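Throughout, numbering of the chain's residues begins at 1 and tracks the sequence. Excluded from the calculations below are hydrogen atoms, water molecules and symmetry mates; all remaining heavy atoms, backbone and side chain alike, are included. Note that the structure is predicted; figures quoted are calculated from it, not measured.
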Amino acid sequence: MEFWRHIYSNFDVVAFSIFGLKVHWYGIMYVIALILALTLAKFFSKKMNMGISNKCLDSYFVWVEIGVILGARLGYILIYDNHTMYYIVHPWQIFNPYVNNEFVGIRGMSYHGAIVGFLIATFLFCKKYKENPWKFLDLVALSVPLAYVFGRIGNFLNQELFGRITNVPWGIYVDGILRHPSQLYEAFLEGVVVFIAVYIAKLKQTFCGELIIVYACMYSLARFICEFFREPDFGIGFVLWGMSMGQILSLIMLIIALLFYVWIKFKKVNI
């Protein structure tokens, strides 16, 4: 247990270096997550006869990845970053991976911003290739959660988005302060639990688009709960009624998803 509590003191965020270029564990986890998501999408598409070819999925995931990266980075800058105006005036610095001539990678991504970018990319892709976007969104709802587990493990290994101060036996020391390993809580709740909920929903699915709504609802609830153990964002803190920005955005996402579900279910809208 002592080794676990001091794991950050015994672990290097850099996995290895190639010609002076540092490869972080976070980057490795991100690549694993991306490959796993695409693999699961192809698996579920074939197993559940969703009628989406592997070639189409390969193209779709390129579009989505671009949308996610742009949305996540811009969302972080607009919502969380303390230097928003600097990036607006110097937009070429948004994706600059160097700080003081040292390669540190691109830091600062917003999940909710990624969602916006993902949705825009999905609808643009489906409009161009005349596909049903809701079918793709349902497939994403099935394939993303388990891959997301590796993203949160990446946060943990990168020693970021750490938890609140605690005295639980499984807490870990961050700069000498015992904290919740909240990234791992998120990996379980936002990844494993959400996947189980979406998979069960698939077995009882009644309309196209239902799975992505279930995903949005379940992720919002999971994220809202996890935020009670996660340190509020630096420079923002608690925003309203003791809630963090992540909780507020999750509530908004949950309300929109529930309203959309009610609108489709009771108005019998075909999508």
Novice: Would a single hydrophobic cluster contain both Leu57 and Met48, if residues Ile, Leu, Val, Met, Phe, Trp and Tyr are joined by side-chain heavy-atom contacts under 4.5 Å?
Specialist: yes
Novice: Taking the side chain as everything from C-beta on, heavy atoms only, tell me whether His112 gets closer than 4.5 Å to Ser250.
Specialist: yes
Novice: Can you see which heavy atom on Val214 is nearest to which on Ala201, and at what distance?
Specialist: CG2-CB, 3.9 Å
Novice: Which heavy atom of Pro133 sits nearest a heavy atom of Cys126, and at what distance?
Specialist: CA-SG, 3.4 Å
Novice: Measure the shortest side-chain to side-chain distance between Pro145 and Met218 over non-hydrogen atoms and say whether it is less than 4.5 angstrom.
Specialist: no
Novice: Could you report the tightest heavy-atom contact between Phe150 and Met29, atom names first, then the distance?
Specialist: O-CB, 3.3 Å
Novice: Sorted by first residue and then second, give each side-chain hydrogen bond (donor to acceptor under 3.5 Å, both in side chains) pair with at least one member in residues 55-68; sequence neighbours left out.
Specialist: Tyr30-Glu65, Lys42-Asp58, Tyr60-Thr122
Novice: Any non-hydrogen side-chain atom of Val140 less than 4.5 Å from a side-chain atom of Phe118?
Specialist: yes
Novice: Just verifying a value: how many Å separate Leu157 CG and Ile7 CD1, rounded to the nearest 0.5 Å?
Specialist: 7.5 Å
Novice: Looking only at heavy atoms, what is the nearest atom pair of Gly151 and Ala33, with distance?
Specialist: N-CB, 4.3 Å
Novice: So, the side chain of Arg5 versus the backbone of Pro169: is there a donor-acceptor pair under 3.5 Å, distance only?
Specialist: yes
Novice: With hydrophobic residues grouped by side-chain heavy-atom distances under 4.5 Å, do Phe136 and Phe43 end up in a single group?
Specialist: yes
Novice: Going only through I, L, V, M, F, W and Y residues with side-chain contacts under 4.5 Å, is there a path from Val198 to Ile200?
Specialist: yes
Novice: State which residue, out of Phe162, Phe156, Tyr185, fulfils the ring pair (Phe, Tyr, Trp, His ring centres under 6.0 Å) condition with His180.
Specialist: Tyr185
Novice: Please check if Tyr215 and Trp263 belong to a single hydrophobic cluster, counting links between Ile, Leu, Val, Met, Phe, Trp and Tyr side chain heavy atoms closer than 4.5 Å.
Specialist: yes
Novice: Would one find more than 12 heavy atoms of other residues, nucleotides or ligands at under 6.0 Å from atom CG of Asp175?
Specialist: no
Novice: With sequence neighbours excluded, what pairs up with Thr39 under the side-chain contact (heavy atoms from CB on, under 4.5 Å) test?
Specialist: Ile35
Novice: Listing request: all side-chain hydrogen bond (donor to acceptor under 3.5 Å, both in side chains) pairs with a residue in residues 135-144, at least two apart in sequence or in separate chains.
Specialist: Asp138-Gln205
Novice: Flag the pair Ile196 / Tyr199 as yes when at least one side-chain heavy-atom distance between them is below 4.5 Å, and no otherwise.
Specialist: no
Novice: To the nearest 0.5 Å, tell me how far Leu142 CG sits from Leu137 CG.
Specialist: 12.0 Å
Novice: Which residues, ordered by chain and number, are linked to Leu178 in its hydrophobic cluster, where ILVMFWY side chains connect at heavy-atom gaps below 4.5 Å, directly or through other members?
Specialist: Tyr173
Novice: What pairs with Asn167 under side-chain contact (heavy atoms from CB on, under 4.5 Å), at least two apart in sequence or on another chain?
Specialist: none
Novice: Might you confirm whether atom OH of Tyr8 has over 12 heavy atoms from other residues, nucleotides or ligands at distances under 6.0 Å?
Specialist: yes
Novice: Provide the closest heavy-atom pair for Ala257 versus Cys217 in the form atom of the first, atom of the second, distance.
Specialist: CB-SG, 3.7 Å
Novice: Please confirm whether the ring centroid of Trp170 lies under 6.0 Å from the ring centroid of Phe229.
Specialist: no
Novice: Nearest 0.5 angstrom please: Ile256 CD1 to Ile213 CD1, how far?
Specialist: 12.0 Å
Novice: Please evaluate residues Tyr26 and Val13 with respect to the criterion side-chain contact (heavy atoms from CB on, under 4.5 Å), reporting the C-alpha separation (whole Å), side-chain torsions for both, the decisive distance (0.1 Å), and the verdict.
Specialist: CA-CA 8 Å; Tyr26 176 80; Val13 298; over 6 Å; no
Novice: Can you tell me if Gln183 uses its side chain to pair, donor with acceptor, with the backbone of Gly154 under 3.5 Å?
Specialist: no
Novice: Apply side-chain contact (heavy atoms from CB on, under 4.5 Å) to the pair Glu210 and Tyr261, showing each step before the final yes or no.
Specialist: CA-CA 8 Å; Glu210 185 173 11; Tyr261 181 85; 3.8 Å; yes
Novice: Do the non-hydrogen side-chain atoms of Leu221 and Leu189 ever get within less than 4.5 Å of each other?
Specialist: no
Novice: Which residue pairs pass the side-chain hydrogen bond (donor to acceptor under 3.5 Å, both in side chains) test with at least one member in residues 237-247, sequence neighbours excluded?
Specialist: Glu227-Ser244
Novice: Starting at CH2 of Trp4, measure out to CD1 of Ile172 and round the result to the nearest 0.5 Å.
Specialist: 6.0 Å
Novice: Mind checking whether Leu161 and Arg152 have side chains closer than 4.5 Å, heavy atoms only?
Specialist: yes
Novice: Taking the side chain from Arg164 and the backbone from Arg230, do they hold a donor-acceptor pair closer than 3.5 Å?
Specialist: yes
Novice: Can you tell me if Ser220 uses its side chain to pair, donor with acceptor, with the backbone of Leu251 under 3.5 Å?
Specialist: no
Novice: Just how far is it from atom CD1 of Ile52 to atom CG of Leu139, taken to the nearest 0.5 Å?
Specialist: 5.0 Å
Novice: Anything under 30° is parallel, anything over 60° is perpendicular, the rest tilted; go ahead and classify Trp25 against Phe11.
Specialist: tilted
Novice: Are Leu74 and Met85 joined in one hydrophobic group, where the rule is that I, L, V, M, F, W and Y side chains link up if heavy atoms are under 4.5 Å apart?
Specialist: no
Novice: Using the ring of each side chain (for Trp, its six-membered ring), is Phe44 parallel, tilted or perpendicular to Phe195, with breaks at 30° and 60°?
Specialist: tilted
Novice: What are the two closest heavy atoms between Ser17 and Lys22, and how far apart are they?
Specialist: OG-CG, 3.8 Å
Novice: To the nearest 0.5 angstrom, please state how far the CE atom of Met243 sits from the CZ atom of Phe228.
Specialist: 8.5 Å
Novice: May I ask you to decide if the ring planes of Phe125 and Tyr129 are parallel, tilted or perpendicular, using 30° and 60° as cut-offs?
Specialist: tilted
